[in-house]
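Structure first, then comments.
Keep in mind that the numbers below use all heavy atoms, side chains included, and drop hydrogens, waters and symmetry copies.
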2 protein chains.
Amino acid sequence: MLPKKTKYAIKALTALAKVYYDKKPLRISQISETEKIPRKFLEAILLELRHQGFVASKMGVTGGYYLSKHPEEIMLSHIIRATGGPIALLPCVSLNFYETCEECPHEELCSLREVVLEVREASLKILSKTSLTDLILREKKLIRNAKK
Amino acid sequence: MLPKKTKYAIKALTALAKVYYDKKPLRISQISETEKIPRKFLEAILLELRHQGFVASKMGVTGGYYLSKHPEEIMLSHIIRATGGPIALLPCVSLNFYETCEECPHEELCSLREVVLEVREASLKILSKTSLTDLILREKKLIRNAKK
DNA sequence: TAAATATACTACTAATTTAGTGGGAATTGA
DNA sequence: TCAATTCCCACTAAATTAGTAGTATATTTA
Ligand code: FES
Ligand code: FES
């Protein structure tokens, strides 16, 4: 399961993506209200996302946050890895958080590893091709279809 | 990431599956040694697996554990759910551990939900068709190929 | 029938992770 | 100057994970 932090990060970044072309920053309090994310927690998350290069900010009374990359470039896999850690089910098949499996004598002969590797590939295939833009387009489609 | 408990459970059940046709129970201490699982922890895990109907046991000096189902019937998805909880990335798309997403006003209009639903389907497709027998066969194949 | 050797079961504990919160410093615009 | 904003550090509280301890109960065998 994804931590709440990751879910909040995705929601917040999507909110920023929606106003990407406005050229005006969005305040933490605004995002916090519309996305129902605890104010102070969101503040900490956005700060981290800034350090990781996803967003930039402006201080002061007209301040706020804005995306520092194009929303098409920000993939779900990036956000998950930046905030939540591994996508893989076991450390021995994680690309970004690899750790050796102590109990398995030979990783290359481990059938469980083979299977969870397949799972990671299947998950990553989806998560690494879905961008913030995709999320927004999908939402529009969902709303359009619901109205019919 | 899967908890160690789940990984240990898979390992232990696979060990039991390997001797399924011997009609003799395997002692906790034997499994603990060959699979390098902490003795007392394994004891607790096997006890739980018995309560869940995966294994049965015999007490006393000739006692031990044995599978109470055919190894082809025990799928990775079953073991994960029994010991580790959800396979889904978010509770709103979990089949067995569903919880509503508080922050999302309309689940049916949530694009993030749509994507994690796809991920769950892709993962489950693999995990629900891989049985203990499959793990054993895969291991044999890995060993055979390594020898070449 | 008693000893030896298993599992059964309850009840803890210790470490880690998650989900936050509080409060003040720095920056900016009016 | 002052009001509104982000920046940043230091905490805390609750939940989860990864075990462990100790005793009771069952079974075989000498
Ligand atoms: S090597 Fe990771 S599960 Fe065996
Ligand atoms: S409904 Fe679960 S993420 Fe939106």
Side-chain angles (χ1 to χ4, degrees), chain A residues 1-12 16 24-33 35-52 54-66 68 80 82-86 89-91 97 99 101-103, chain B residues 1-12 16 24-33 35-68 80 82-86 89-91 97 99 101-103:
Chain A
M1 299 267 290
L2 297 178
K4 288 212 163 186
K5 185 177 168 184
T6 299
K7 194 188 164 192
Y8 291 159
I10 296 171
K11 292 263 170 194
L16 292 175
K24 275 198 302 182
L26 215 51
R27 291 194 307 275
I28 294 177
S29 55
Q30 287 179 285
I31 304 171
S32 160
E33 280 161 31
E35 304 299 330
K36 293 188 191 159
I37 303 170
R39 168 71 213 260
K40 270 301 222 177
F41 196 17
L42 177 60
E43 190 182 315
I45 293 167
L46 284 170
L47 204 59
E48 203 180 315
L49 289 173
R50 183 172 68 88
H51 290 138
Q52 305 235 24
F54 288 92
V55 298
S57 65
K58 198 187 166 208
M59 289 181 86
V61 68
T62 56
Y65 280 90
Y66 52 95
S68 58
I80 292 174
T83 61
L89 293 179
L90 288 174
F97 300 86
E99 272 178 75
C101 268
E102 318 271 315
E103 314 91 39
Chain B
M1 300 269 288
L2 296 177
K4 289 214 164 185
K5 185 177 167 183
T6 299
K7 194 190 163 192
Y8 291 159
I10 295 171
K11 291 264 169 193
L16 293 176
K24 275 198 299 183
L26 214 52
R27 289 194 308 275
I28 293 177
S29 55
Q30 287 181 285
I31 304 172
S32 160
E33 280 161 31
E35 305 297 331
K36 293 188 193 159
I37 304 170
R39 167 71 215 261
K40 271 301 220 179
F41 196 17
L42 177 60
E43 190 183 316
I45 293 167
L46 284 169
L47 201 61
E48 204 181 315
L49 288 173
R50 183 172 68 90
H51 290 314
Q52 303 234 28
F54 289 90
V55 297
S57 66
K58 198 189 165 205
M59 289 180 88
V61 69
T62 57
Y65 279 90
Y66 51 95
L67 290 187
S68 59
I80 293 174
T83 61
L89 293 179
L90 288 174
F97 300 86
E99 270 177 75
C101 268
E102 318 270 313
E103 313 92 37

d(A/Leu90 CG, B/Lys4 NZ) to nearest 0.5 Å is 10.5 Å
Residue set satisfying ring-ring contact (aromatic ring centres under 6.0 Å, His included) with B/Phe97, at least two apart, ordered chain then number -> none
When rounded to the nearest 0.5 Å, the distance separating CD of A/Gln30 from CG of A/Leu16 is 10.0 Å
In whole angstroms, the gap separating C1' of D/dA18 from CD1 of B/Ile37 amounts to 13 Å
B/Leu42 atom CG is separated from D/dA18 atom P, nearest whole Å, by 15 Å
Hits for ring-ring contact (aromatic ring centres under 6.0 Å, His included) against A/Tyr8, two or more places apart or cross-chain, chain-then-number order -> A/Phe41
Inset, instruction - Give a yes/no answer on whether the side chain of B/Tyr8 brings an N or O atom under 4.0 Å of OP1 or OP2 in D/dA18. - result: no
Discussion item. Checking the side chain of A/Ser68 only, and the main-chain atoms of A/Phe54 only, is there a donor and an acceptor separated by less than 3.5 Å?
Written reply: yes
Report, one pair per line, the protein and nucleotides 3-7 of chain D atoms (nitrogen or oxygen only) whose separation is under 3.5 Å.
{"from": "D/dT5", "atom 1": "OP1", "to": "A/Arg27", "atom 2": "NE", "distance (Å)": "3.0"}
{"from": "D/dT5", "atom 1": "O4'", "to": "A/Gly60", "atom 2": "O", "distance (Å)": "3.4"}
{"from": "D/dT6", "atom 1": "OP1", "to": "A/Ile28", "atom 2": "N", "distance (Å)": "2.7"}
{"from": "D/dT6", "atom 1": "O3'", "to": "A/Ser57", "atom 2": "OG", "distance (Å)": "3.3"}
{"from": "D/dC7", "atom 1": "OP1", "to": "A/Arg50", "atom 2": "NE", "distance (Å)": "3.1"}
{"from": "D/dC7", "atom 1": "OP1", "to": "A/Ser57", "atom 2": "OG", "distance (Å)": "2.3"}
{"from": "D/dC7", "atom 1": "OP2", "to": "A/Tyr65", "atom 2": "OH", "distance (Å)": "2.2"}
{"from": "D/dC7", "atom 1": "N4", "to": "A/Glu43", "atom 2": "OE2", "distance (Å)": "2.8"}

Keeping the roles fixed (side chain from B/Ser57, backbone from B/Gly64), state whether a donor-acceptor pair exists under 3.5 Å. no
With sugar-phosphate taken as primed atoms, P, OP1 and OP2 and all else as base, the protein-contact string of nucleotides 11-16 of chain D at under 4.0 Å (heavy atoms; B, S, -) is ------
Residue set satisfying ring-ring contact (aromatic ring centres under 6.0 Å, His included) with A/Tyr65, at least two apart, ordered chain then number -> none
Q | Heavy-atom donor-acceptor pair, A/Ser32 side chain to A/Ile37 backbone, under 3.5 Å | A | yes
dist A/Glu43:CD -> A/Ile28:CD1 (nearest 0.5 Å) comes out at 4.5 Å
When every non-hydrogen atom of B/Lys36 is compared with those of A/Glu103, the smallest separation belongs to O-CG, 3.6 Å
Note: chain B reaches DNA chain C at heavy-atom distances under 4.0 Å over the stretch, first to last nt, 5' to 3', of C/dT5 to C/dC9
